[in-house]
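See below for the structure under consideration.
Keep in mind it's a predicted model, so treat the numbers as computed, not measured.
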Amino acid sequence: MYELGPGILPNSICVPLTATAKAQSYYFYPVLCGHYYCDSQYEVNRTHYDNPLLMFIRNGNMKLWYDGAEYHAEKGDVILIDCDRPHRYTAEGNTEFLYLHFDGSNSHDLVRMISSDSPVLRREENVLIGQRVYDMVRDYKRYGLGGEAEASMRIYQLLIWLSLPVGKLSGSSNPINQTVEYIRGHVGEPITLHELADMAHLSACHYSHEFKRQTGFSPMEYVINTRLEKAKMLLLQTTMSVMDIAYEVGYESGGSLSNLFIKKTGCSPREYRRSNGITTG
């Protein structure tokens, strides 16, 4: 078990990973990832760290000192830094974030290029970055590192998304991102493929293809994953019953949510709570 430091609250996850020599020679590869809930005691202060860092702020705020300047990051922001120079970051009050330390190939050069204007990246397509890092943390915690090429591709896609001009994947010019935001904002409501396609002004077939290309998921897979993500958050952060959580995330019964949990995670919602050290009456 990787030891968590001061300011890191219960239910936080840290997953250390060991890449093969082949991955280190030829690919991008993850080194350490996690999902942290922190309070104002959380601080990292280093003169050097071997691996670049990508962070996605899910809630709260962080302050970053990097390369002689001070930055403020808030909910929805991505922090991207090459940790080869002095850096310090702290949580400002209760903060939730995802992170990924990675390395390999030309990752250091890419990170420096992407963050040359600012290490805090504020763009609408960050929601896709956050979802992808969330999935990586979940998958690596459950299954381990897995295939080298797949792990490399996931990191490369994150960096490519972040290197595109602002708005290339977002805003009025990108209907896919608009529907992603709609899904995340209406997770407890009925959502259909045709409704999303109409919102994007595309045929259902074209919309599904484009959604998969940009996010890595089919539209309805993304809906299900978003519901599961919110259900996990409610299980860990509230005392709501499984039935009430099911209604909250768009299912008609606790059994429907339990079936989804077992299929996706291998355990029931109650077992998920217990495995994270939470008991309810």
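Residues Phe56 and Val78 have side chains in contact (heavy-atom distance under 4.5 Å, counting atoms from C-beta outward). Residues Ile81 and Ser115 are not in side-chain contact: their nearest non-hydrogen atoms beyond the backbone lie 4.5 Å or more apart. The shortest side-chain heavy-atom distance between Val120 and His72 does not fall under the 4.5 Å cut-off. Counting only heavy atoms from C-beta outward, the side chains of His35 and Lys141 never approach each other to under 4.5 Å. The side-chain heavy atoms of Cys33 and Leu17, taken from C-beta on, include a pair separated by under 4.5 Å. Contact of the His108 side chain with the Asp103 side chain is registered, since non-hydrogen atoms from C-beta on lie closer than 4.5 Å. The side-chain heavy atoms of Cys83 and His101, taken from C-beta on, include a pair separated by under 4.5 Å. Using a 4.5 Å heavy-atom threshold, the side chains of Trp65 and Glu70 count as touching.
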Would Leu121 and Ile114 satisfy side-chain contact (heavy atoms from CB on, under 4.5 Å), going step by step from the backbone distance to the final call?
-> CA-CA 9 Å; Leu121 308 174; Ile114 295 168; 3.9 Å; yes

Please assess Met136 against Phe102 for the test side-chain contact (heavy atoms from CB on, under 4.5 Å), listing each intermediate value before the final yes or no.
-> CA-CA 12 Å; Met136 292 169 74; Phe102 60 95; over 6 Å; no

Step by step, work out the side chain to side chain donor-acceptor pair (under 3.5 Å) result for Glu229 and Asn225.
-> CA-CA 6 Å; Glu229 177 186 342; Asn225 288 341; over 6 Å; no

Just do the side chain to side chain donor-acceptor pair (under 3.5 Å) check on Glu92 and Asn61 with the steps written out, would you?
-> CA-CA 5 Å; Glu92 299 186 284; Asn61 301 273; 5.4 Å; no

Mind running ring-ring contact (aromatic ring centres under 6.0 Å, His included) on Tyr99 and Tyr89 for me, showing each step along the way?
-> CA-CA 13 Å; Tyr99 71 90; Tyr89 48 90; 8.9 Å; no

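Between the side chain of Ser152 and the main chain of Glu148, no donor-acceptor pair closer than 3.5 Å is present. Put simply, the side chain of Ser107 never gets that close to the backbone of Ser105: no donor and acceptor are under 3.5 Å apart. With hydrogens and angles disregarded, no donor-acceptor distance shorter than 3.5 Å links the side chain of Glu210 to the backbone of Ile176. A donor-acceptor pair under 3.5 Å links the side-chain atoms of Asn126 to the main chain of Gly76, judged by distance alone. Remark: the backbone N or O of Asn45 is not paired with any side-chain donor or acceptor of His87 at under 3.5 angstrom. Remark: the backbone N or O of Leu162 is paired with a side-chain donor or acceptor of Arg123 at under 3.5 angstrom.
Taken from NE2 in His48 to CZ in Arg85, the straight-line distance is 11.5 Å, to the nearest 0.5 Å. Expressed to the nearest 0.5 Å, how far NZ of Lys264 lies from CZ of Arg138 amounts to 7.0 Å. Here CD of Glu221 is found 10.5 Å from OG of Ser208. Values are rounded to the nearest 0.5 Å. Here Leu54 contributes atom CG and Ile79 contributes atom CD1; the two are 9.5 Å apart, rounded to the nearest 0.5 Å. One finds the CG atom of Leu257 at 7.5 Å from the CG atom of Leu228 (value rounded to the nearest 0.5 Å). Here CZ of Arg274 is found 11.5 Å from CG of Leu235. Values are rounded to the nearest 0.5 Å.
Salt-bridge annotation for Asp67 and Arg112: absent, with no side-chain N of the basic residue lying under 4.0 Å from a carboxylate O of the acidic one.
Scanning both residues, Pro119 and Tyr71, for their nearest heavy atoms gives CD-CZ, 3.3 Å. When every heavy atom of Lys230 is checked against every heavy atom of Val187, the shortest pair comes out as CD-CG1, 3.4 Å. The shortest heavy-atom contact between Ala151 and Pro30 is CB-CD, 4.0 Å. Among all heavy-atom pairs drawn from Glu195 and Ile191, the shortest one is OE1-CA, 3.5 Å. The heavy-atom pair separating Pro10 from Tyr37 by the smallest distance is O-CD1, 4.3 Å. The shortest non-hydrogen separation linking Ala73 to Arg122 is CA-NH2, 4.4 Å.
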Hey, can you pull the donor-acceptor pairs under 3.5 Å for the side chains in residues 153-160, sequence neighbours left out?
from   : atom 1 : to     : atom 2 : distance (Å)
Arg154 : NH2    : Asp139 : OD2    : 2.9
Gln157 : OE1    : Arg132 : NH1    : 2.3

Ignoring hydrogens and angles, write down the donor-acceptor pairs under 3.5 Å from the side chains of residues 243-253, residues two or more places apart or on other chains.
from   : atom 1 : to     : atom 2 : distance (Å)
Asp244 : OD2    : Ser241 : OG     : 3.3
Ser253 : OG     : Ser256 : N      : 3.1
Ser253 : OG     : Ser256 : OG     : 3.1

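Other residues, nucleotides and ligands place no more than 12 heavy atoms under 6.0 Å from the NE2 atom of His209.
Linking Ile, Leu, Val, Met, Phe, Trp and Tyr residues whenever their side-chain heavy atoms come within less than 4.5 Å places Leu80 and Met113 in a single cluster. One hydrophobic cluster, built from ILVMFWY side chains closer than 4.5 Å, cannot hold both Leu32 and Tyr27; they sit in different ones.
Ring planes of Tyr36 and Tyr42: perpendicular class, angle over 60° (limits at 30 and 60°). The aromatic rings of Phe211 and Tyr222 stand perpendicular to each other, their planes meeting at an angle above 60°, with 30° marking the opposite boundary.
Just one residue in the list Ile8, Leu9, Thr95 forms a side-chain contact (heavy atoms from CB on, under 4.5 Å) with Asp39, and that residue is Leu9.
A search for ring-ring contact (aromatic ring centres under 6.0 Å, His included) contacts involving Tyr26 returns nothing, not counting sequence neighbours.
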